[in-house]
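Notes follow once the structure below has been shown.
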Amino acid sequence: PAPLTRSNADTSTSARCKRDAPRFEDDEPLFMSRDEIDRCSPSRKDGIDVLHETHLRYSYCAFLQNLGMRLELPQTTIGTAMVLCHRFFVRQSHAFHDRFLISTASLFLAAKSEETPRPLNNLLRVSSEILHKQDFTLLSYLLPVDWFEQYRERVLEAEQLILTTLNFELNVQHPFDPLTSVLNKLGLSHTVLVNLALNL
Amino acid sequence: MAIAAPGQLNLNEYPSWGSRSVDCFEKLEQIGEGTYGSFPITAIREIKILKKLHHENVIKLKEIVTSPGPEKDEQGRPGLPPELLLGTTKYGPAVDMWSVGCIFAELLHGKPIFPGKDEPEQLNKIFELCGAPDEVNWPGVSKSPWYNQFKPTRPMKRRLREVFRHFDRHALELLERMLTLDPAQRITAKDALDAEYFWTDPLPCDPKSLPKYESSHEFQTKKKRQQQRQNEENAKRMKMQHSQQHTRLPPIQQPGQPHGQMRPGPNQPIHGSQPPVAAGHSHHYGKPRGPSGGPGRYPPSGNPGGGYNHPNRGGQGGGSGYGSGPYPPQGRGAPYGSSGMPGAGPRGGGSGYGVGAPNYPQGGPPYGGSAAGRGSNMMGGNRNQQYGWQQ
């Protein structure tokens with residue numbers, strides 16, 4: 001389950017404007033159970049059921065993995081981006097936010113947060129190639145003149161939205177380090193198990 | 001309802017989660033202005049650290065509020081050292097010495113020395129002046145994250161000495177060491193205090209005697225500059241209307257003195273502690289620089305080098321410490337001996353060292369009396385009132 005920083009107590013009844021939501025007294029990370037995530041996701045009230053959301057979740061993770069690998073980002077960065085996306089969509093509905101825009105922006109953000117920054121233009125280029133399944137040079141012919149600038153602008157807006165939605169909670173703890181150290185202790189560091197575990 | 005269309009992003013509705021907008025606060029005081037557009041990695045780094053940090057000496061990061069600011073950051077941050085511009089994440093106090101060097105040079109030069117609107121441009125300006133970094137002058141530079149991206153394509157020589165050859169010799173010496181590309185070779189603050197520049201005439205003044213300014217943040221400074229421009233406009237208008245009534249003119253800036261208010265340039269005396277009346281007729285702008293034939297700046301009885309009690313130099317100066325050194329007599333007495341000549345030091349009459357009474361002649365014969373001529377003469381007086389400088 002995605003670790004969250006706030007109780008989800010009132011997400012389901014969330015007509016609440018954030019202006020009058022001063023829930024900033026404690027900084028204790030709070031966790032949501034699988035069941036809570038399934039029940040209270042804001043996508044529910046927009047008619048997106050659990051199964052559908054699982055599928056959406058899977059699709060942006062696959063996209064992020066692809067994008068991250070093509071940008072030669074380390075797995076931790078890709079993992080961070082995925083967690084940021086999960087955190088985002090447990091607070092925002094899939095009905096209003098294009099998940100690929102959000103995931104592109106969250107990878108950009110994760111890359112900065114994990115000290116593996118990538119130039120925005122590179123990222124945009126690769127991401128648009130994946131999304132349109134076309135070579136970048138072709139895209140310029142297919143799309144309106146200023147599509148790239150517009151796309152760039154959009155992703156930056158999404159970045160801002162992610163940051164405010166997550167209340168700048170960008171720290172993500174990954175299991176990779178403890179995992180490898182446990183495998184080391186068990187003397188399994190050179191087995192196929194390592195790769196297997198890391199790719200779970 | 002279907003899922004969002006490609007490219008859809010709902011920015012109009014506030015999420016029920018997350019950080020609040022800045023709108024829900026009443027603004028008490030603004031201490032600075034952030035950047036708009038993409039969130040810089042430095043800010044992200046800082047926020048991450050502050051969020052994790054729980055220490056009694058560090059104020060807790062309570063909350064971050066944002067606003068979708070319309071303005072674009074108009075200028076890069078001047079004063080960023082090359083190691084940061086090349087993407088190093090491990091850096092130390094040397095970054096500040098670089099910035100000090102930038103300000104030092106700007107004071108002497110009269111304008112920013114690395115005016116780049118973005119980071120690549122700034123880096124290029126740095127290379128143009130300080131030469132291109134390589135493994136010889138900066139061991140390890142090629143391992144900087146963005147070195148290959150930004151390394152200059154053509155050979156570039158260090159031109160610092162040539163470009164700033166008009167600077168005072170010791171100033172240039174010090175600047176050279178502050179603007180050293182390799183942070184490991186850059187001068188430290190401690191060594192900089194020991195630089196010849198601070199130990200040759202004109203000596204630094206007693207810090208206590210420096211004029212007091214109200215707090216200055218970029219936000220206020222911006223406003224002040226606007227105000228100042230307004231005043232200049234008014235002054236021009238007034239001048240046209242009553243060309244005789246100079247004394248009524250609001251403060252105006254000398255042309256070519258971009259930030260005069262905050263930064264006394266080499267040729268412009270501080271109006272600091274000067275009584276308003278004296279200010280009326282003693283300004284002398286554009287005093288010739290360079291050595292003059294005048295007598296020494298310090299009275300013979302003065303204690304050369306004693307003012308600033310540097311641990312390493314204590315013996316030399318008689319260890320008189322702050323305040324008890326040559327300053328008071330020098331300031332209040334006839335500063336330049338009996339001749340009344342402006343004993344212009346290497347940097348034009350010790351300007352910028354407005355101690356007690358100023359270092360330039362007051363109503364002395366050469367610049368004799370009369371509030372004649374310049375509207376700006378009231379400036380000292382006005383400022384004294386405005387900013388409550390020491391009298």
First locate atom CD of B/Gln8, then atom CZ of A/Arg154, and finally report the distance between them rounded to the nearest 0.5 Å. 8.5 Å

Is the backbone of B/Pro6 close enough, under 3.5 Å, to the side chain of A/Asp98 for a donor and an acceptor to pair up by distance? no

Determine the option with the most heavy-atom pairs under 4.5 angstrom with chain A, choosing from B/Thr89, B/Ile41, B/Ile47. B/Ile41

Determine whether a donor-acceptor pair (N or O, by modelled atom type, separation under 3.5 Å) exists between the side chain of B/Lys48 and the backbone of A/Leu170. no

Atom NZ of B/Lys52 and atom CG of A/Asn171: how far apart are they, to the nearest 0.5 Å? 4.5 Å

Tell me whether the count of non-hydrogen atoms from other residues, nucleotides or ligands lying under 6.0 Å of CD in B/Glu121 goes above 12. yes

Which pair of non-hydrogen atoms, one from A/Glu159 and one from B/Phe39, has the smallest distance, and what is that distance? OE1-N, 3.2 Å

I need the A/Glu153 CD to B/Leu9 CG distance, nearest 0.5 Å. 11.5 Å

Distance-only donor-acceptor hits, side chain of residues 56-66 of chain A, under 3.5 Å, sequence neighbours excluded:
unit_1	atom_1	unit_2	atom_2	d
A/Ser59	OG	A/Leu56	O	2.7
A/Ser59	OG	A/Arg99	NE	2.7
A/Tyr60	OH	A/His86	ND1	2.7
A/Gln65	OE1	A/Gln75	NE2	3.0
A/Gln65	NE2	A/Gln75	OE1	3.0

Check this for me: A/Glu149, atom CD, are more than 12 non-hydrogen atoms of other residues, nucleotides or ligands nearer than 6.0 Å? yes

Residue pairs meeting ring-ring contact (aromatic ring centres under 6.0 Å, His included), one or both in residues 101-144 of chain A, sequence neighbours left out, come to A/Phe136-A/Trp147, A/Phe136-A/Phe148

Distance col, row B/Ile44:CD1 vs A/Glu115:CD, nearest 0.5 angstrom, shows 9.5 Å

Given a strict heavy-atom distance threshold of 4.5 Å, which part of A/Leu131 is in contact with chain B: side chain, backbone, both, or neither? neither

Taking every heavy atom of B/Trp146 against every heavy atom of A/Pro117, the minimum-distance pair comes out as CZ2-CG, 4.2 Å

